[in-house]
Colleague: 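One structure coming up, written as structure tokens, with questions to follow.
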Amino acid sequence: MGALLWLLVPVLAALVATVWSTWTQRSRKSGDGEELAGYARFREAMEREHSASDPASDAA
């Protein structure tokens, strides 16, 4: 019975390694697209605000 227990150790280690490698290789969806779109909208708004400002205030 002790030999079977020692055979169980590498089998469990292989199972844990398989689960771990599957977990680390999963595909993740990155949320960068939405953040980059928000940044682009921010830049556009800042450019519009700057171009619409009063030219007299820029001279001062």
Side-chain angles (χ1 to χ4, degrees):
M1 190 67 175
L4 289 177
L5 185 61
W6 277 107
L7 285 174
L8 189 61
V9 171
V11 169
L12 288 176
L15 181 64
V16 169
T18 302
V19 169
W20 179 78
S21 67
T22 303
W23 178 260
T24 58
Q25 296 299 319
R26 71 189 188 280
S27 61
R28 300 178 198 150
K29 295 185 178 184
S30 177
D32 289 342
E34 184 177 329
E35 292 176 10
L36 290 175
Y39 179 67
R41 288 192 306 270
F42 169 75
R43 286 183 49 189
E44 290 171 5
M46 292 303 289
E47 289 173 2
R48 279 194 307 252
E49 183 177 314
H50 182 65
S51 64
S53 65
D54 187 6
S57 65
D58 292 339

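Position 1 is the first residue of the sequence; numbering continues from there. The model shown is predicted, which means the values in this text are computed figures rather than measured ones.
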Colleague: When hydrophobic residues are tied together by side-chain contacts of less than 4.5 Å, even through go-betweens, does M46 share a cluster with Y39?
Modeller: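 Yes.
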Colleague: Return the set of residues passing side-chain contact (heavy atoms from CB on, under 4.5 Å) with R41 (not counting sequence neighbours), or none when no residue passes.
Modeller: A37
Colleague: Might you point out which heavy atoms bring V11 and L7 nearest each other, and give the distance in Å?
Modeller: CG2-O, 3.4 Å
Colleague: Okay, side chain of R26, backbone of W23: is any donor-acceptor separation there less than 3.5 Å?
Modeller: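 Side chain of R26 to backbone of W23, a donor-acceptor pair under 3.5 Å: yes, one is there.
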